[in-house]
Number of protein chains: 2
Amino acid sequence: MVQAPTRSTRQRQAVAELLAERTEFRNAQQIHAELRERGEKVGLATVYRNLGLLVQLGQVDMLQGADGEALYRQCGQRQHHHHHLVCRQCGKAVEVADPDLEQWARKLAVQHGFSEVSHTLELFGLCAECSRAAQAGDD
Amino acid sequence: MVQAPTRSTRQRQAVAELLAERTEFRNAQQIHAELRERGEKVGLATVYRNLGLLVQLGQVDMLQGADGEALYRQCGQRQHHHHHLVCRQCGKAVEVADPDLEQWARKLAVQHGFSEVSHTLELFGLCAECSRAAQAGDD
DNA sequence: CTTTTTGCAAATCTTTTGCACTCTA
DNA sequence: TAGAGTGCAAAAGATTTGCAAAAAG
């Protein structure tokens, strides 16, 4: 079982608030930097600790970016298992429903004698905005 | 375009051979250790360099394990995009076909204005053997 | 010989930890 | 005031990189 933090601190709130505002996936360092820019005095370790906490509480979604670093975001759908279509460039993300992978996975598992199956599925792409920006600027 | 290595070296062959033999996903360090055990004199950096090379050439599949480390394996299906059902414990893996994610992903992408979509999908579980072992020993 | 590869150690990078100190309840 | 929570710097891991020496063609 996951136990909720017992105390409310300025730092914890700051992290939670930041996540509540932005809908993009971002890594711990970006979040830390953004908090600093706002004048919040928070240590990087604390950001990591609180992000981990929020993830455990199911209040924040975490996924592994292409580079292997963890990306965080607060999602609307807290209950159901869902996936994301994430912009490689800016981190903007759309929550998408699970295309009955659940069943498919379970069936495959049985077929091959596997148990306790879980799956990871993420879609990466370029969002309209970034795509436009790319055409204009570089390339 | 990816360019093939120009020279064949003992170390490169050793890495390729090891991958050709085993069907489990394993990380670079494990591969390095295994080569050493066999008496092969190879540096860790070289293992990393060659694994990266093999991945670029499409001869080896790489995926991010749960802990974020890269796992490597040589797959039978070199052509088609496919996924894996991997044992969390021993790394044993089964190649599974893509459950028309391709289309689903493309459709979603269009709907949300995303382009150049790619996806990652991996199934993790406990293989029959490891499951048995777990029941017997620990737990 | 020329150029690719290697080995090793040092450098990166992300994330975690130890520990004394600071707040919350 | 007790103990959760924090900051900072050090530690841990995984992977990369610089560079001189070794090997391939």
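Every chain is numbered from 1 and lettered A, B, ... according to where its sequence line falls, protein lines coming before strand lines.
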Between [N] and [X], is there an OP1 or OP2 to side-chain N/O distance shorter than 4.0 Å?
{"X": "B:Q11", "N": "C:dG7", "result": "yes"}
{"X": "A:T46", "N": "D:dG5", "result": "no"}
{"X": "A:R12", "N": "D:dG5", "result": "yes"}
{"X": "B:Q29", "N": "D:dA14", "result": "yes"}
{"X": "A:S8", "N": "C:dT24", "result": "no"}

Atom pair distance, as rounded to whole Å: [atom1] in [X] and [atom2] in [N]:
{"X": "A:D67", "N": "D:dA14", "atom1": "CG", "atom2": "C1'", "value": "14 Å"}
{"X": "B:Q64", "N": "C:dT15", "atom1": "CD", "atom2": "P", "value": "12 Å"}
{"X": "B:K41", "N": "D:dA23", "atom1": "NZ", "atom2": "P", "value": "11 Å"}
{"X": "B:N27", "N": "D:dT15", "atom1": "CG", "atom2": "P", "value": "7 Å"}
{"X": "B:R49", "N": "C:dA9", "atom1": "CZ", "atom2": "C1'", "value": "12 Å"}
{"X": "B:L35", "N": "C:dT6", "atom1": "CG", "atom2": "C1'", "value": "14 Å"}
{"X": "A:M62", "N": "C:dT16", "atom1": "CE", "atom2": "C1'", "value": "14 Å"}
{"X": "A:L51", "N": "D:dG5", "atom1": "CG", "atom2": "P", "value": "15 Å"}

Among the candidates [options], find the nucleotide nearest to the side-chain atoms of [X].
{"X": "B:R7", "options": "C:dT4, C:dT15, D:dA2", "result": "C:dT4"}
{"X": "A:E69", "options": "D:dG25, C:dT15, D:dA14", "result": "C:dT15"}
{"X": "B:Y48", "options": "C:dG18, C:dT6, D:dT16", "result": "D:dT16"}

Sole residue of A:H80, A:R73, A:H83 in side chain to side chain donor-acceptor pair (under 3.5 Å) with A:E95 =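 Testing A:E95 for a side chain to side chain donor-acceptor pair (under 3.5 Å) against A:H80, A:R73, A:H83 leaves exactly one candidate, A:R73.
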Checking all strands, does A:N50 fall into the base, sugar-phosphate, or nothing category for heavy-atom contacts under 4.0 angstrom?
->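 Sugar-phosphate, backbone atoms only, no base.
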So do A:L71 and A:E69 actually touch side chain to side chain, heavy atoms under 4.5 Å?
->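 The answer is yes, as the side chains (C-beta and beyond) meet within the 4.5 Å cut-off.
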Greater than 12 external heavy atoms within 6.0 Å of A:E129's CD |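 Open.
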Has B:Q103 got more than 12 heavy atoms of other residues, nucleotides or ligands less than 6.0 Å from its CD?
->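 Result for CD/B:Q103: open.
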